[in-house]
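In what follows, a single structure is set out as structure tokens and then discussed.
A note on names: the letters A, B, ... follow the listed sequences, proteins ahead of strands, and every chain is numbered from 1.
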Amino acid sequence: MHLRSDLNPPSVPPPHSTARLDERPGLPLCYAVLMSQPNSNPDPAPPSGEAPKVVMTSLERLRHSTAHVLATAVTTLWPDAQLAAGPPVEQGFYYDMQLAHRITPEDFPKIEAEMAKVIAAKQPFVRKVVSRDEAMALGNAGRLGSQTDRAEASKFKLDILNRIAPDAVISLYQNGEFIDLCEGVHVSDTSKIGAFKLTHLSSSYYLGDEKNPQLQRVYGTAFASKKQLDEHFAALEEAKRRDHRKLGAELHLFQVDARVGSGLPVLLPKGAIIRRELERMIEEKLFDFGYHPVYSPHIGSVDLYRTSGHYPFYAESMYDTLKIEEREFLLKPMNCPMHIQAYASELRSYRDLPQRYAEFGTVYRKEQSGELNGLVRVRGFTQDDGHIFCTPEQLEDEFRGCLRMIQEVMNLFGFNTKCRISLRDKVKEGKYVGSDEDWARAESVIRKVVEDLKLEHTVGLGEAAFYGPKLDFMAYDCLNRSWQIATIQVDFGLPQRFELEYTGSDGAKHTPVMIHRAVFGSIERFMGLVIEHFAGSFPVWLAPEQVRVMTITEEQIPYAEALMAELKKLRVRAKLESGRDKIGAKIRDAQLDKVPYMVVIGAKEAEADKVALRSRKAGDEGTLPRTDFLARLAEEIRTRAL
RNA sequence: GCCGGAUUAGCUCAGCGGUAGAGCAACGGUUUCGUAAACCGUAGGUCGCGGGUUCGAAUCCCGCAUCCGGCUCCA
């Protein structure tokens, strides 16, 4: 399980529901597009013949058209290019293509110059509805996604054509000599594209399938005006400033060092404080919600995971087994089988249920090197994992309890998470275990609770765990990439596989139901997202250094030290700065270290038993009695105020 | 893992075929000062690692490592 939160700087467009896409993941993307999108309301498509059905915002439309302009430029420069898909995406657009020339960033000016010509030519986008046969004929002549007939057929376009529903309307869009198989929608002509820029390159697999050919993907972005384009890049720069990897180094929170290993972060003292505070907060919630803490080891018999089904389901992302006296052990990839053993440690009666177990369980997974990312995607991480064993009758209430706990925690941070019901995709045979009835029962509980609470959500087909459906919560990083954080998973399967039982009021043996749940998901990931959410300016309860006391001259050191002693008694993390720097310099240092409260002690304060308070947020707050300050501070920490 | 890019002092970066540079930080000294930078000085780098080309490589070429952006994966 993995999760993200809403940390967007105001200037970056907020994430947006991807419900349409999620609901129909089987669709071959492109042909047209359908994706998420920034801004506002969809504009109606311009009327032209049989109007396209695609719904797009004006910005998406502009970007989709820019993707066609990119394709036009590319096919001018490299007529052999085979185009695949070119949709708008959250930050701009891309076009996937296959061509002999390897495009590099050095090619961008050349391509952009060619695009500028197309835009200057004011080429109209002309929509034409054609029969399947007409489209096939053009594809076979290499004419789709190109400017001329070619020796080689338009292979990807033909493939897409074959995937389009038999009764679908097939449309082409043409600008200049460039014709593309495309569902629409487009701006009226290329001159409507105000400002654009190619941004980066990557590769992609055709239709997103690893088994398909690898394509070159060119990304760009476009806006109606140069001003908006500039603002977009300025906002991106701003967003990068809150990158947890950058802040992690600047604020000495953590380090990922090759000498330890990729994806294996070491939390430095200041980062460790944040993690401890997060854990303490969760521990209080666990107590409130009636959980029993348990502890389990870092390795366990591979048989445990054979029984659960994790092995060999995920064998390729587990580390190799360790052999100890002829028995095989796994570096723990999941905590649940161990918690299951805790449940099975004694006979259970229905009177004992629900049993709720929780642990900060560290697990290790062989993540692909290209996926590693600071604290948010690592190879060893700690789940704030919990497992609830209950009767089927208790399931719904327990599920609600999990949801409430997640909401309480998210509210503490002001996180704005997105919620997704993750279901299995029945097409993917062999990816799941358990009976259809159990899957249906589990899904209905999730849907019922989500609907009762009117929780805004999307549906992710194929996102379920192999043993059951789940409700996942996503948060967003500084670049608006989504990460899974909290999750609640309903599982009828594992209790059966492990033959768990409880004695019912009827005296007969029954199988309990399990809920797997996590609030942070991965503590490391959550920390990374918290860092970005607050841009390193943590609320007092989380701040590694909560108060910095600074003196104007040496005269005030005794008073300042007495204050430090009091702070220590209150378990406030404070540091005394009594050096010979000017107060301006001391304040600047504290401000750069993002210390929430700065206390300035000069002769006047020492004399009157007061403190001159400066907050990171509001600046100089004037003087107040020492005791008032201490009371305010303690209260803010106790309530975990934002 | 795949495609592309990057890697120069603790940090941010300049240098791009001819003896390694700046600012900040660090360290030493001077300054006792009221809300975001006092002054002077010192030290600090086998230019990611390994090979190659060259009279000569931080600069060019080839491998590898790590990081960054995507892709794929994500119990």
Side-chain angles (χ1 to χ4, degrees), chain A residues 1-3 89 91 94 96 102-106 199-206 208-212 214-219 240 243 245-246 249-250 252 256-259 261-263 305 308-311 313-318 333-337 363 365-374 377 383 385 422 431-432 463-468 470 472 479 481 483-484 487 489 491 494 516 518 521-522 525 550-557 578-592 598-605 612-616 619-623:
Chain A
M1 58 185 87
H2 277 330
L3 336 177
V89 289
Q91 306 269 338
Y94 66 77
D96 281 348
R102 164 132 355 123
I103 297 175
T104 70
E106 280 86 72
T199 54
H200 52 287
L201 290 165
S202 84
S203 72
S204 63
Y205 299 102
Y206 177 59
D209 189 331
E210 232 174 342
K211 292 187 272 300
N212 285 339
Q214 199 158 38
L215 308 173
Q216 300 190 57
R217 175 174 293 182
V218 181
Y219 280 91
K240 281 183 193 158
D243 189 312
R245 294 164 297 193
K246 198 172 160 57
E250 279 172 16
H252 309 287
V256 187
D257 189 293
R259 287 168 292 194
S262 335
Y305 296 93
S308 73
H310 287 102
Y311 191 90
F313 250 98
Y314 295 101
E316 81 292 344
S317 40
M318 293 177 184
M334 282 299 280
N335 302 302
C336 38
V363 297
R365 297 182 184 174
K366 201 156 70 184
E367 303 287 4
Q368 301 181 119
S369 57
E371 274 302 340
L372 301 174
N373 181 315
R377 192 75 186 264
Q383 297 175 319
D385 211 354
S422 299
K431 236 194 117 178
Y432 308 98
E463 301 287 343
F466 74 89
Y467 47 74
K470 42 184 190 146
D472 293 320
L479 295 178
R481 296 175 292 204
W483 300 90
Q484 190 187 313
T487 184
Q489 314 176 350
D491 177 11
L494 292 191
H516 307 241
S522 147
R525 168 175 293 180
M550 36 198 133
T551 53
I552 301 284
T553 75
E554 284 173 345
E555 305 288 305
Q556 294 89 46
I557 291 179
S578 58
R580 301 167 75 191
D581 281 335
K582 288 169 67 174
I583 197 67
K586 291 178 184 176
I587 283 172
R588 182 167 192 272
D589 289 344
Q591 204 70 54
L592 289 176
M598 288 154 267
V599 169
V600 176
I601 306 294
K604 285 176 277 181
E605 289 76 22
L613 185 63
R614 182 186 170 95
S615 73
R616 180 186 58 204
D620 193 346
E621 296 198 14
T623 59

Any residue meeting salt bridge (charged side-chain N to carboxylate O under 4.0 Å, His left out) with [X], in chain and number order, not counting sequence neighbours:
| X | value |
| --- | --- |
| Lys604(A) | none |
| Arg245(A) | Asp243(A) |
| Glu621(A) | Arg632(A) |
| Lys431(A) | none |

>> With nearest nucleotide decided by heavy atoms, which residue, Asp243(A) or Ala258(A), maps closer to the 5′ end of RNA chain B?
In response: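 Counting from the 5' end, the first nearest nucleotide belongs to Ala258(A).
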> When you match Gly370(A) and Lys431(A) each to their closest nucleotide on RNA chain B, which lands nearer the 5' end?
Replying inline: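 First, find each residue's nearest nucleotide; the 5'-ward one identifies Gly370(A).
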Using a cutoff of under 3.5 Å, can you pull out all pairs of nitrogen or oxygen atoms linking the protein to nucleotides 60-63 of chain B, with atom names and distances?
none

>> When you measure only distances, ignoring hydrogens and angles, does the side chain of Ser262(A) come within 3.5 Å of the base of rA65(B) through a donor and an acceptor?
In response: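 No, the side chain and the base share no sub-3.5 Å donor-acceptor pair.
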> What is the nucleic acid contact for Gln368(A), judged by heavy atoms within less than 4.0 Å: base, sugar-phosphate only, or nothing?
Replying inline: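 Result for Gln368(A) = base.
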> Base, backbone or nothing for each nucleotide of nucleotides 35-40 of chain B, written B, S, -, heavy atoms under 4.0 angstrom, 5' to 3'?
Replying inline: BBBS--
> For the pair made of NE2 in His252(A) and P in rC11(B), what is the distance, rounded to whole Å?
Replying inline: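 To the nearest whole Å, that distance equals 11 Å.
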> Considering residues at least two apart in sequence or located in another chain, which fulfil the ring-ring contact (aromatic ring centres under 6.0 Å, His included) criterion with Tyr311(A)?
Replying inline: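 Not a single residue meets the ring-ring contact (aromatic ring centres under 6.0 Å, His included) criterion with Tyr311(A).
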> side-chain contact (heavy atoms from CB on, under 4.5 Å) with Tyr432(A): which residues, sequence neighbours excluded?
Replying inline: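 Result, side-chain contact (heavy atoms from CB on, under 4.5 Å) vs Tyr432(A): Arg424(A), Asp425(A), Lys428(A), Trp439(A), Ala464(A).
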> Sequence neighbours excluded, which residues qualify as side-chain contact (heavy atoms from CB on, under 4.5 Å) partners of Ser262(A)?
Replying inline: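 Partners of Ser262(A) under the side-chain contact (heavy atoms from CB on, under 4.5 Å) test: Leu372(A), Arg379(A).
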